[in-house]
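Every chain is numbered from 1 and lettered A, B, ... according to where its sequence line falls, protein lines coming before strand lines.
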Protein chains: 2
Amino acid sequence: MSSIKSIARDLGVSTATVSNALSGKGRVSDELARRIREHAGKVGYHPSPAARALKTGRSGILGLVMPNLTNPLFPRLAHNIEAAADSRGFGVLIADSRSDAAGQAAAIERLVRRGVDGIVIVPHRGTRVTETDVPLAVINAASDPANTVSADHRQGGRLAAGLLMDMGHRRFLLAGEDPRSEVQQDRIAGAAECLARRGGTGHRVCWTSEAAPDLLAALAGGVTAIVTSTDLLALKLLSEAQTLDIAVPGRLSVIGFDNLPFGEHLRPSLSTIAPDVPEIAHRALSYLDARLSGAAEIPPPSVVPMIAIQRDSTGLPQERPVTDPARSVS
Amino acid sequence: MSSIKSIARDLGVSTATVSNALSGKGRVSDELARRIREHAGKVGYHPSPAARALKTGRSGILGLVMPNLTNPLFPRLAHNIEAAADSRGFGVLIADSRSDAAGQAAAIERLVRRGVDGIVIVPHRGTRVTETDVPLAVINAASDPANTVSADHRQGGRLAAGLLMDMGHRRFLLAGEDPRSEVQQDRIAGAAECLARRGGTGHRVCWTSEAAPDLLAALAGGVTAIVTSTDLLALKLLSEAQTLDIAVPGRLSVIGFDNLPFGEHLRPSLSTIAPDVPEIAHRALSYLDARLSGAAEIPPPSVVPMIAIQRDSTGLPQERPVTDPARSVS
DNA sequence: TTGTAGGCGTTATCAA
DNA sequence: TTGATAACGCCTACAA
């Protein structure tokens, strides 16, 4: 491999000069700098990351820890984190929490041992992130005190409910999957908050990880719309509705969260509340970057608004006429 | 940070002795070795990856290149590659091909620059992987000459068709999404091969990336079963069938590929042909490991059998009685 | 069995 | 403007 030293030898100059010419730091005459750069290009010189890391104490690598890499959100997040990291000159090393708190601690440990400069972590449900030697950007939910940046799940919940109320829905079922998830809690809470504020005529909340909620009972209770805490649960409900011959969105509107890839392939396609993942990735990286470069001001924890994607699983309620949203505020 | 040097100083021994004691290579008296290890533990010593990489020329890091990190297969592959890599002491750096050949070359380049020891790559559809300085494990399809290890997509295709023939189906629609994909080509070809061999009474192949195939026309043509090249397409068809009130699996059986996460949440749940991802990851890593450790024999390219997962979207054809599979071989 | 010393490729300090 | 030199932390002949 060609090194700074071999270039120095080839050109009969010192390594320091080569280093300066290539990095543009020290003063080197334009003419010599040009010759050095040219030669470096010719021999295909690339600095050794190991040597640089050893000298500078920085690896230029960030870690990404996910609760479970088969988490459906992982691909999009990985995609955006990688892009954001790359544009700042960082590489991304992945690690899997293996779905438990111990695994999460181990994953962080492994990354730190590998010399990452910082870590982006999506913590496992219901865990507190353990402190480390390197800066940590936590992507979770506003209600997690350790949170660095996240989607505004609560606002997302309001958005989902609000959008359905705008269409005229008044009786809701709010369906979550796992009550230990702060993310899902916030989403359901946001929806409930919107209903309370705008005078929905009552709603039920149910948490169910296995079976789908009893749709027929819900319909009998006058429910015309369901807000689910994730697209996967929405999928379950949509399928259930179709086998029960409940028309969607005619008889029942359903909305999910996360904008998982299958949503647009469903028939009816799934309306959903999508996290602004590029923005989240951007902020997580800005945060780490600020901490790593010793910036005077570190970005404070922040939440990123979610985005409504209306597709075909939501529509006007059949039973009653569309009411003017303005009038319906009790 | 504690280093080999600081430990040597603390204990009044030489750095070489510490290094030997910790690595167990050179001869060090048991007693001294014990003291050194104990002290190392106490001060929380961990070797510097940068220094070790600089000295040994190996980073202990592998790259993982995907055509697009939002590819639905990515999570499971990343999960298993990371696990397999970790158990061999490697970390995994991700890179995104940004969905084109140029991006793919750039991704490889970036990883090599970062000093990875080897790369696992899932090539972009229809591209040939460019040669590099580091060993490359290619995960694609047997029909790609550069392939290192892959699922046996062709056998998977036979499996899908065979399983449906066992149930008594005879007329098939084989539906693919992208004919440029070697993977999908192999799957469809495998299914066709099985039908030809076992005397299906004819089948149509269609390639469609946007609209779903015309189900009514297919049914009119006597089709009772559809083999799709991916679960996403199967999902589209299932949804389509439900809106057209075509009973699945009563009137029509549908099977997909890849065992994507949503499949089990559908109603009816989706039968699928699943790649044995843990085994594929294992072999990809064995291959790289062999090449990196200069092993005498490098594992030859190999294909890993796919696994049938029968759920509820496949069943006996309605029209005709179940025929004995043995008798049905023409 | 233990210690000395050199070097991996960079960066940075200080002289020239 | 340029060069000599010393680290960074580790490994490994080779010498004691």
Side-chain angles (χ1 to χ4, degrees), chain A residues 1-37 39-41 43-61 89 91 112-117 133 292-294, chain B residues 1-40 43-61 89 112-117 133 292-293:
Chain A
M1 282 314 307
S2 74
S3 65
I4 239 175
K5 188 192 278 183
S6 68
I7 294 178
R9 204 175 345 91
D10 293 350
L11 262 47
V13 297
S14 82
T15 62
T17 305
V18 176
S19 175
N20 286 336
L22 259 26
S23 69
K25 291 209 167 167
R27 313 249 161 280
V28 180
S29 68
D30 289 353
E31 162 59 10
L32 182 52
R34 197 192 48 68
R35 272 178 51 216
I36 290 175
R37 274 194 298 269
H39 186 73
V43 298
Y45 167 78
H46 294 297
S48 147
R52 181 171 279 174
L54 177 59
K55 181 63 188 174
T56 64
R58 281 233 189 307
S59 62
I61 293 185
V112 171
R113 283 243 220 301
R114 288 213 177 275
V116 299
D117 295 336
D133 305 336
L292 289 172
S293 58
Chain B
M1 281 318 302
S2 74
S3 67
I4 238 175
K5 188 192 278 184
S6 68
I7 293 179
R9 204 173 348 91
D10 292 351
L11 264 45
V13 299
S14 80
T15 61
T17 305
V18 176
S19 176
N20 286 334
L22 259 26
S23 69
K25 290 209 168 166
R27 311 250 160 280
V28 181
S29 69
D30 290 354
E31 163 59 11
L32 182 51
R34 197 190 50 67
R35 271 176 53 216
I36 291 176
R37 275 194 297 269
E38 189 182 327
H39 186 73
V43 299
Y45 168 77
H46 294 297
S48 146
R52 181 171 281 172
L54 177 57
K55 177 64 188 179
T56 63
R58 282 228 187 312
S59 63
I61 294 186
V112 171
R113 282 243 220 303
R114 288 212 177 275
V116 299
D117 295 335
D133 306 334
L292 288 173
S293 58

How many angstroms lie between [atom1] in [X] and [atom2] in [Y], if you round to the nearest 0.5 Å?
X: His39(B); Y: Asp10(B); atom1: NE2; atom2: CG; answer: 3.5 Å
X: Ser48(A); Y: Leu54(A); atom1: OG; atom2: CG; answer: 9.0 Å
X: Ser293(B); Y: Asp117(B); atom1: OG; atom2: CG; answer: 11.5 Å
X: Glu38(B); Y: Leu11(B); atom1: CD; atom2: CG; answer: 9.5 Å
X: Thr15(A); Y: Leu22(A); atom1: OG1; atom2: CG; answer: 11.5 Å

- Which nucleotide sits closest to the side chain of Lys5(A): dC8(C), dA5(C), dT1(C)?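 Nearest nucleotide to the side chain: dC8(C).
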Base, sugar-phosphate, or nothing for [X], non-hydrogen atoms under 4.0 angstrom?
X: Arg52(B); answer: sugar-phosphate
X: Ser19(B); answer: base
X: Ile4(B); answer: sugar-phosphate

- Query: Contact boundaries of DNA chain D with chain B (under 4.0 Å, heavy atoms), 5' to 3'?
  - Reply: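 Endpoints of the contacted stretch of DNA chain D: dC8(D) to dT12(D).
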- Message: Ignoring hydrogens and geometry beyond distance, is the side chain of Lys55(A) in donor-acceptor contact with the base of dT10(C) at under 3.5 Å?
- Response: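 When only heavy-atom distances are counted, Lys55(A) does not reach the base of dT10(C) through any donor-acceptor pair under 3.5 Å.
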- Task: Keeping the roles fixed (side chain from Arg52(A), backbone from Gly60(A)), state whether a donor-acceptor pair exists under 3.5 Å.
- Result: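 The answer is no, because no donor-acceptor pair under 3.5 Å joins these two groups.
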- Indicate whether OP1 or OP2 belonging to dT11(C) is found under 4.0 Å from a side-chain N or O atom of Ser23(A).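 Negative; the distance criterion is not met.
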- Hey, does the side chain of Ser14(B) come within less than 4.0 Å of dT4(C)'s phosphate (OP1/OP2), counting only N and O?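 So the side-chain polar atoms of Ser14(B) never come under 4.0 Å of the phosphate oxygens OP1 or OP2 of dT4(C).
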Provide, to the nearest angstrom, the distance between the [atom1] atom belonging to [X] and the [atom2] atom belonging to [N].
X: Asn20(A); N: dA16(C); atom1: CG; atom2: C1'; answer: 15 Å
X: Arg58(A); N: dT10(C); atom1: CZ; atom2: C1'; answer: 16 Å
X: Leu22(A); N: dT10(C); atom1: CG; atom2: C1'; answer: 11 Å
X: Arg34(B); N: dT2(C); atom1: CZ; atom2: P; answer: 13 Å
X: Lys25(B); N: dT1(C); atom1: NZ; atom2: C1'; answer: 19 Å

- Query: Between Thr15(A) and Val28(A), which has a closest nucleotide on DNA chain D that is more 5'?
  - Reply: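 The residue mapped nearer the 5' terminus is Val28(A).
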- Task: Give a yes or no on whether a salt bridge exists between Arg34(A) and Glu31(A), defined as a side-chain N under 4.0 angstrom from a carboxylate O.
- Result: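 Salt bridge present between Arg34(A) and Glu31(A).
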- Message: With nearest nucleotide decided by heavy atoms, which residue, Val13(B) or Leu54(B), maps closer to the 5′ end of DNA chain C?
- Response: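 That would be Val13(B).
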